[in-house]
Novice: 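There's a structure below that I have some questions on.
Just so it is clear, the structure is predicted and the values come from calculations on it, not from any experiment.
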Amino acid sequence: MSAPAITPVFVRLKLSLLRNGLRQSGGRKAAYITSAVFALLFAALQLIGLIALRGHAHAESVAVLAVAVLGLGWAVMPLFFPSGDETLDPTRLVMLPLRPRPLIRALLTASLVGIGPLFTLCLLVGSVVAVARGGAAFAVGAVAVVLALLVCVAFARAVAVANVRLLTSRKGRDLAVLSGLVIAIGAQIVNFGAQRLGASGLGELDPAAGVLQWVPPASAIGAVHAVSEGSYGLAVAQLALTAGALMALLALWSRHLTRLMTSPDGSTLPGAESAAKERSSTGLARLLPAGRTGTVMERSLRYVWRDPKTKAAWVTSLAIGLIVPVFNAWQGTGSVYFACFAAGMLGIQMYNQFGQDTSAFWMVAMTISSTRDAYVELRARAYALLLITLPYATLVTVLTTAMLGDWRRLPEALGLSFALLGAMLATGAWTSARFPYSIPQEGYKNVAPGQAGLAWISIFGGMVAAALLCAPVIALTIWLNVSADGDDWTWLLLPAGTVYGAVLTAAGLKLAAPRTARRLPEILAAVSKG
């Protein structure tokens, strides 16, 4: 008696996971529906745009590059979003009597259910329509769409299985912090590329497309174009390359899946050597001040290095704070004042200081019994942030100035950056006590359900207040630049901005300390909600 087919079971399992996930809360259902609508709308626009390119001289280059980028996205998706699809973790099936080949067939079919595969299908169909001419080309295009879609899905599965032990560990989940960096860099690269294309035309894409047409899954679209041009031998080679890549990915997936389901997990074995090692004080701790100030600074810096959510926020802020001024300076459209973006992005990290502690804040609250304790706590957290922000903001400002060659404005740009940083530290300390909110540790949400309003008020209200507090320094900068003899005195903006920022920080900490001491129970309840 033959074994029953498991593919329909896995498809129903995937649908059940999607359905049950949406039943958990109304907010999750609304977020899923909203993201699905936007994804499908974007897919429809992509489809229409590619169809509109039909007959254009460079349609093949656009289609090939679009599919190549799509394949890259599928490859890195499991690394950046390991918990985005629960079926990506085959370790949950280890105890079931399943053979690798039927299991791979079932998982591959179940992987075709979802918004991602539908989006991919729309883009692939649009790419085929854009480059196909004639019945033979459309016939090959139907095969190319199926092969390219399967290559994308198999690529994601193979990467996920090869790294599943890493991705499901604590350190593995830290890979998700790279997503903010990649998105930030990618957005600027796309912006820079769009400007180049707008100035030079789509012909700039031809050299890259000529190489990528031999890289699966883009080679499938290259085969469709080859048939349209009458190069049938070339089309066969490109289709064979795509099919070969699919077979290789399936074989790689099968090998890693077999090893995963038959080998013990080394991470569960006791490590005698690591257990015997005693923790000693780090070199950083010896460099920090003694007493509560140094302890709080070390704790804050450890959060930056070890906590995934805090690390993700810092990596994103560091990346965007550097990319925006540097890319604009590189394109010749920037200004030295763009360097203030670095101080602004890092100053945001002062907001919701207690929410970063989550439920562990109760241990901090136990040590705060007076306004003085609250002041020292907030001051130490500000010191830890300044330890990173001051040299970083200075570096970004100097680098931006060097790229623009406008050294005369370096003192005023630094003065504005330091004043803005001081204003954000002041408003961040106050809003941390007045509008605390919880940051969930699991998933990718940065605000607990029901606290979105608090987050908006805390961050954006505080940023507006910081901008208003910087008004005197901004006004002085404008006055010196428009004044006839002002150029001789712009260097004063550096010490003036530095002193003004320090005064604002001290005032903000003084105002926030008594509020923090009085509202400890409310703060603890708010940050422990998630």
Side-chain angles (χ1 to χ4, degrees), residues 42-77 116 119-134 136-156 182 185-246 248-249 331:
F42 186 63
L45 292 175
Q46 292 272 29
L47 178 61
I48 295 172
L50 287 168
I51 293 175
L53 281 176
R54 181 174 172 80
H56 194 279
H58 304 289
E60 182 214 1
S61 298
V62 175
V64 167
L65 283 171
V67 175
V69 171
L70 184 69
L72 178 63
W74 275 93
V76 302
M77 179 186 67
F119 177 89
T120 304
L121 181 63
C122 291
L123 193 144
L124 291 173
V125 170
S127 300
V128 168
V129 174
V131 303
R133 293 192 299 274
F138 278 102
V140 172
V143 179
V145 166
V146 175
L147 284 176
L149 179 60
L150 292 177
V151 166
C152 289
V153 175
F155 207 167
V182 170
I185 296 176
Q188 291 299 321
I189 292 176
V190 168
N191 178 42
F192 180 67
Q195 293 183 8
R196 289 287 301 272
L197 291 177
S200 306
L202 294 177
E204 292 280 335
L205 301 177
D206 291 344
V211 175
L212 292 175
Q213 68 175 338
W214 291 99
V215 178
S219 55
I221 304 301
V224 178
H225 181 262
V227 172
S228 301
E229 297 293 323
S231 303
Y232 296 104
L234 183 63
V236 170
Q238 289 175 319
L239 274 183
L241 181 62
T242 308
L246 176 60
L249 288 171
Q331 298 176 51

Novice: Tell me the closest heavy-atom pair linking Trp74 and Ala156, and the distance in Å.
Specialist: O-CB, 3.3 Å
Novice: For a 4.5 angstrom cut-off between non-hydrogen side-chain atoms, does Gln213 reach Glu60?
Specialist: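 Yes, at least one pair of side-chain atoms sits under 4.5 Å.
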Novice: Measure the CD1-CD distance between Ile51 and Gln46 for me, rounded to the nearest 0.5 Å.
Specialist: 11.5 Å
Novice: Do Val62 and Leu50 have side chains that get closer than 4.5 Å, going by heavy atoms?
Specialist: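 When only atoms from C-beta onward are counted, Leu50 and Val62 do touch, with a gap below 4.5 Å.
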Novice: Would the distance check show the side chain of Ser228 and the main-chain N or O of Arg133 forming a donor-acceptor pair, the cut-off being under 3.5 Å?
Specialist: yes
Novice: Would you give the length of the straight line joining atom CG of Leu70 to atom CG of Leu124, rounded to the nearest 0.5 angstrom?
Specialist: 6.0 Å
Novice: Closest approach of Leu149 and Thr120, non-hydrogen atoms and distance?
Specialist: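 Scanning both residues, the minimum pair turns out to be CD1-CG2, 3.8 Å.
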Novice: Could you please spell out the steps behind the side chain to side chain contact (heavy atoms under 4.5 Å, CB included) verdict for Val224 and Phe138?
Specialist: CA-CA 7 Å; Val224 178; Phe138 278 102; over 6 Å; no
Novice: Write down the atom of Val67, the atom of Ser127, and the distance for their closest heavy-atom approach.
Specialist: CG2-OG, 3.6 Å
Novice: Hey, could you give me the CG/CZ distance between Leu72 and Phe155, rounded to the nearest 0.5 Å?
Specialist: 8.0 Å
Novice: Contact between Pro217 and Leu147 at the side-chain level, heavy atoms closer than 4.5 Å - yes or no?
Specialist: no
Novice: Of all the heavy-atom pairs spanning Ala63 and Val131, show the shortest one and how long it is.
Specialist: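 Ala63 and Val131 have their closest heavy atoms at CB-CG1, 4.0 Å.
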Novice: Do you know which two heavy atoms are closest between Val227 and Ala235, and how far apart they sit?
Specialist: CG2-CB, 3.4 Å
Novice: Mind listing the closest non-hydrogen atom pair of Ala68 and Leu212 along with its distance?
Specialist: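 For Ala68 versus Leu212, the nearest heavy atoms are CB-CD1, 3.9 Å.
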Novice: To the nearest 0.5 Å, tell me how far Phe42 CZ sits from Leu47 CG.
Specialist: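 Result: 12.0 Å between the selected atoms.
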Novice: Once rounded to the nearest 0.5 Å, what's the spacing between atom CG of Leu241 and atom CG of Leu246?
Specialist: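 The CG atom of Leu246 is 11.5 Å from CG of Leu241, to the nearest 0.5 Å.
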